[in-house]
A.B. asks: 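My questions will all concern the structure given below.
Given the structure is predicted, the values throughout are model-derived calculations rather than measurements. Because only heavy atoms are used, hydrogens play no part in the values below, and waters and symmetry mates are left out as well, while side chains stay in. The chain is numbered in sequence order, starting from 1.
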Amino acid sequence: DIGKGTGLGLAQIYGFVRQSGGTATIDSAVGRGTTVSLYLPRAAIAAEDEQPGSITSRPVEGHGKTILVVDDQADVREVVETWLSGHGYRIVTAADGIEARRLLQDGAQIDLLLTDVVMPNGVSGIELARTARRLRPTMKIVLVSGFARDMQTRIRDQDDFVFLEKPFRQMELAETIDTLLGSQPKHHRPTR
């Protein structure tokens, strides 16, 4: 329920820290409280200013393709929608698997399904993805979860879904989707 938490907050923080080569510790005592410490490695070299016209990663453009984003957390849907619409994708959202399944059955134009795995109301992201595959065999599907180990046992080899582990970076998400949809732009010259 909203406000009761899922227990994923610390898991996500730990994931961010580990991605950066660091670690986290928790110190807790009755009457004193809890301290969460994050330890991140110091950069080996100073950050360099980006030179005009340099490209650090290739641009991502959605070319108007439509993505169905399914997550029971409104704030997560909003962030992902903002990220992807900023890359030129058209976004349709659903709060659970039931709502998403209805959109798929109603024939809405959708090029890719991006769904969280753990969802309420009896339809998990994996079940939704399998339904989507039956309804639209060529649709690209990306499953998102903070439980990477659990995914290996829940997804069958024949499912052929792409898995993205939480937490992920904006460009990691955009480039994964861009690759799947084949919406990679033609060669872009740096602007001066």
A.B. asks: Can you list every pair that meets salt bridge (charged side-chain N to carboxylate O under 4.0 Å, His left out) and has a residue in residues 93-121, with sequence neighbours left out?
C.D. replies: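 For residues 93-121, and leaving out neighbouring residues, the salt bridge (charged side-chain N to carboxylate O under 4.0 Å, His left out) pairs sorted by first residue read D116-K166.
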A.B. asks: For L143 and G125, work out which heavy atoms get closest and say how close.
C.D. replies: CD2-O, 3.7 Å
A.B. asks: Can you tell me how far apart CZ (R133) and OG1 (T138) are? Round to the nearest 0.5 Å.
C.D. replies: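 Between atom CZ of R133 and atom OG1 of T138 there are 8.5 Å.
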A.B. asks: Quick one: which of V79, L114, L112, D178 gives a side-chain contact (heavy atoms from CB on, under 4.5 Å) with L84?
C.D. replies: L114
A.B. asks: In terms of hydrophobic clustering (I, L, V, M, F, W, Y; side-chain heavy atoms under 4.5 Å; direct or indirect links), are Y39 and I26 co-clustered?
C.D. replies: no
A.B. asks: At what distance, to the nearest 0.5 angstrom, does CG of L103 lie from CG of L68?
C.D. replies: 6.0 Å
A.B. asks: According to side-chain hydrogen bond (donor to acceptor under 3.5 Å, both in side chains), who are the partners of D75, at least two apart in sequence or on a separate chain?
C.D. replies: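 Here no residue qualifies.
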A.B. asks: If every non-hydrogen atom of V70 is compared with every non-hydrogen atom of G97, which pair is closest and at what distance?
C.D. replies: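 In this case the closest contact between V70 and G97 is CG1-N, 4.3 Å.
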A.B. asks: Taking side chain as C-beta onward, heavy atoms only, is H87 less than 4.5 Å from E175?
C.D. replies: no
A.B. asks: Any idea which heavy atoms bring R77 and V69 closest together, and the distance?
C.D. replies: CD-O, 4.3 Å
A.B. asks: Nearest 0.5 angstrom please: L104 CG to T131 OG1, how far?
C.D. replies: 8.5 Å
A.B. asks: Hey, what do you get for CG (D27) to OG1 (T34), rounding to the nearest 0.5 Å?
C.D. replies: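 D27 atom CG to T34 atom OG1 measures 8.0 Å (nearest 0.5 Å).
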A.B. asks: Strictly by salt bridge (charged side-chain N to carboxylate O under 4.0 Å, His left out), give each pair with a member in residues 134-144 just once, sequence neighbours left out.
C.D. replies: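 The answer is none; no pair qualifies.
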A.B. asks: Taking everything shown except E172 itself, do over 12 heavy atoms lie less than 6.0 Å from its CD?
C.D. replies: yes
A.B. asks: Using every non-hydrogen atom in the two residues, find where L181 and Y89 come nearest and quote the distance to one decimal.
C.D. replies: CD1-CE2, 3.7 Å
A.B. asks: What is the distance from atom CD1 of I141 to atom CZ of F161, rounded to the nearest 0.5 Å?
C.D. replies: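 The CZ atom of F161 is 4.5 Å from CD1 of I141, to the nearest 0.5 Å.
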A.B. asks: To the nearest 0.5 Å, what is the distance between CE on M139 and CG on L180?
C.D. replies: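 Reported value, rounded in 0.5 Å steps: 12.5 Å.
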